[in-house]
Each structure stands twice: as structure tokens, then as C-alpha cells.
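One structure is given below, encoded as C-alpha cells.
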Amino acid sequence: MKHSIILSIALLAVLNILLIGCDGQTRKEDRDEVVSVKVTIDADCIVHYFKSNASAYITRQRHGYNPGAGFFQAASMEPTGKIQCSLKQDIFDSTGQKQVALSDLPESFLNKNLATVLFYSFCAGGNLLETGSMMTGDNIKIEGQWYKSLKPAWPNDVEVTLLQSLDSSRIELVQLDDSQDGLMWLARCYNDRYSRELEERVPRTVDVFDVRDGIASKELMIRFDYKDIRKTASPDEPN
């Protein structure tokens, strides 16, 4: 009986090690998959992080997009060092964020929710995504304007709604609801300008608001101002 118990414990320990190993391998493969995505749009961005006292921390970031792959990446050189993140649909990876210690900022520099909001604000707002097959919901009236709600296929862990203006037929708002963390954001993408390289009007400004207390009480958290947007070589073209 004693030998059977010892054998059972040993088997459970081996199984646990194997499961941990498989999980670690999966995470490594996920990170490798994110890193391997090719950027097709490169952009320089001035970012204003608005603090709790209404002042702003201003920094410069470099953003990369691949709309077809559901990919976004950002990098920033801060006084404490380089921080960067990459998102491929539901897979997110980041480095250097623990070095940034600005406790009065309303949100961390680069996290999964923020990357998701930026991807849809820029790519859907710039008509760089195919939205015709997305599930549609009820029309929504926000600040006197009517919008058609669209549900993208991802992410799966939070709720994202794209809001298409019934007047302009463009995606002008992106709403993110993370019930687990008690967050509700509304991003407005605007200041559209025509890009010869992309052959589309793309938003040059994205404002991210905290709307947990309602639209009427929205608070501006972060503003992204794009200064230069470039199309990179396509996957079939040389760099």
C-alpha cells in the first residue's frame, strides 16, 4: 500500500512537470508567433498621458501595424529605459514596463487593452479592415450622433464594439468593456487625412477616455497624435 502511494505521488509530480513544460513551451511559441509578424504600416506618434492632476506626461512612440494579421506593436524610449509591446489578436507580449514608475498616470504605458483599442481605432477607423462580415448590433446614440455597432471576431477576453457613424459611414468610435478589471473605455479616432501610400483617409488622432461613470462624465486618459505614417515593404517585397 505504501509503495502504491509513493508511486502515485511520483506519477503526479511527473505529470505536473510535463504540464508546466508544455505550458511554458506554448507561451514561448506564442511570443515567437507575435515577433514573427511583419509590420506593413509604420508610424511615429506623440503621446500625451494625462495625469490625475490634469497635467500630461508627453513621450514619443513608434507604432507598427499589420491590419490583415491583427497585429500591433509599439516601442518607446523612456528615461528609465526602453519599453515595448506586441499584440497579435489575443496574444500579447511586453517588456520593460516594470521600469516605468509614474504612479499618477491613469493607465500603464502599453498593455493589452490599450493595444487592442489602438489597433481597431487606427485600422478600422482608417478603413483598413474588412468590417462587412462583422456581427451587427443595435444602433447607439452617443452625444447626439447615431452609430451602428459592430462586433469584431477578437478579442475573446474583453468586449470590443466598433461604432460606425450613420452619417459618414466611417468607424469613429471604439468601445472596450473589461468587466473583470472594471474598465470601460471609449476611443475616438478623428483628424482623418488622406495617405497616398495607404490610399485611404486614416485617423491622425486617437483619444482614449475613461467612461466608467458614463459618457457625460468621460475623462481623457491618453491622446495619440500621429505625425508620420509610412507603408513598409509588403511580405512579398524586399526590405
Side-chain angles (χ1 to χ4, degrees), residues 34 36-48 60-76 85-90 110 112-137 139-140 142-143 145-155 160-176 185-209 220 222-239:
V34 170
S36 67
V37 177
K38 185 178 181 66
V39 169
T40 58
I41 300 170
D42 194 38
D44 295 322
C45 187
I46 302 297
V47 188
H48 295 69
R60 181 183 293 272
Q61 295 179 0
R62 187 166 184 174
H63 292 179
Y65 293 92
N66 185 323
F71 178 78
F72 167 81
Q73 70 178 20
S76 176
C85 77
S86 298
L87 173 80
K88 184 179 183 294
Q89 297 187 9
D90 277 317
L110 303 167
K112 184 178 180 181
N113 283 342
L114 189 55
T116 301
V117 165
L118 277 173
F119 174 82
Y120 281 117
S121 295
F122 184 86
C123 295
N127 201 29
L128 303 172
L129 291 180
E130 198 285 310
T131 59
S133 60
M134 292 184 182
M135 183 183 302
T136 60
N139 291 343
I140 300 175
I142 298 178
E143 297 182 324
Q145 301 295 319
W146 283 98
Y147 299 89
K148 179 170 70 173
S149 59
L150 303 171
K151 298 290 185 182
W154 62 271
V160 170
T161 305
L162 311 184
L163 297 171
Q164 182 182 43
S165 169
L166 297 186
D167 291 332
S168 68
S169 298
R170 296 182 65 83
I171 303 295
E172 296 182 356
L173 301 171
V174 175
Q175 182 172 304
L176 181 142
W185 296 348
L186 185 71
R188 181 178 296 277
C189 41
Y190 62 102
N191 193 19
D192 298 344
R193 297 183 189 177
Y194 183 77
S195 168
R196 290 185 179 179
E197 292 189 61
L198 302 180
E199 299 180 338
E200 288 288 354
R201 289 171 55 212
V202 294
R204 293 294 182 128
T205 306
V206 177
D207 289 345
V208 183
F209 296 92
L220 180 59
I222 312 171
R223 170 168 290 166
F224 298 87
D225 280 321
Y226 287 99
K227 302 302 180 183
D228 189 20
I229 299 173
R230 303 166 297 275
K231 183 179 180 181
T232 64
S234 70
D236 297 326
E237 295 173 348
N239 289 317

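In this text the structure is predicted, and so the values were computed from the model without any measurement.
Put simply, the side chain of I229 reaches to within 4.5 Å of the side chain of R204, judged on heavy atoms. Contact of the V160 side chain with the W154 side chain is not registered, since no non-hydrogen atoms from C-beta on lie closer than 4.5 Å. Side-chain contact between Y194 and E199: present, with at least one pair of heavy atoms (C-beta onward) separated by less than 4.5 Å. Within the 4.5 Å cutoff, side-chain heavy atoms of R230 are placed close to those of D44. Proximity of Y120 to L129: side-chain heavy atoms (C-beta onward) are separated by under 4.5 Å at one or more points.
The minimum heavy-atom distance between L198 and V202, with the atom names listed, is CD1-CG1, 3.8 Å. Residues S86 and Q73 come closest through the heavy atom pair OG-CB, 3.8 Å. Scanning both residues, L118 and Y65, for their nearest heavy atoms gives O-OH, 3.7 Å. Between Q61 and A74, the closest heavy-atom pair is OE1-CB, 4.4 Å.
Two rings, from F72 and F122, have their centers 6.0 Å or more apart.
We find the CG-CD distance between L166 and Q145 to be 9.5 Å, quoted to the nearest 0.5 Å. With rounding to the nearest 0.5 angstrom, the CG atom of L128 is 8.5 Å from the OG atom of S195. Interatomic distance, CG of L186 versus CD of E143, reported as 8.0 Å (0.5 Å rounding). Atoms CD and SG, from E200 and C123 in turn, are 11.5 Å apart once rounded to the nearest 0.5 Å. The SG atom of C45 sits 8.5 Å away from the NZ atom of K227 when rounded to the nearest 0.5 Å. Here the straight-line distance linking atom NE2 of H63 with atom CZ of F119 works out to 13.5 Å at 0.5 Å rounding.
In this structure a side-chain-to-backbone donor-acceptor pair under 3.5 Å is present from E130 to G132. Formation of a donor-acceptor pair under 3.5 Å by the E197 side chain with backbone atoms of K231 is found in this model. The main-chain N or O of S169 is found under 3.5 Å from a side-chain atom of Q164 such that the two form a donor-acceptor pair. Not one N or O on the side chain of R170 forms a donor-acceptor pair closer than 3.5 Å with the backbone of D192. Using a distance-only test at 3.5 Å, with no hydrogens or angles considered, no donor-acceptor pair links the side chain of K38 to the main chain of N66. Between the side chain of S121 and the backbone N or O of C189 there is no donor-acceptor pair closer than 3.5 Å. When atom types are taken as modelled, the side chain of D207 and the backbone of R188 share no donor-acceptor pair closer than 3.5 angstrom.
Checked by atom type, the side-chain pair N191/Y226 shows no donor-acceptor distance below 3.5 Å. For T161 and K151, the side-chain atoms include at least one donor-acceptor pair closer than 3.5 Å.
A side-chain contact (heavy atoms from CB on, under 4.5 Å) with L87 is found for exactly one of N113, L114, T116, namely T116. The side-chain contact (heavy atoms from CB on, under 4.5 Å) with L150 is formed by just one residue from the set V174, I171, L163; it is I171. A side-chain contact (heavy atoms from CB on, under 4.5 Å) with Y147 holds for exactly one of D167, N139, I142; it is I142.
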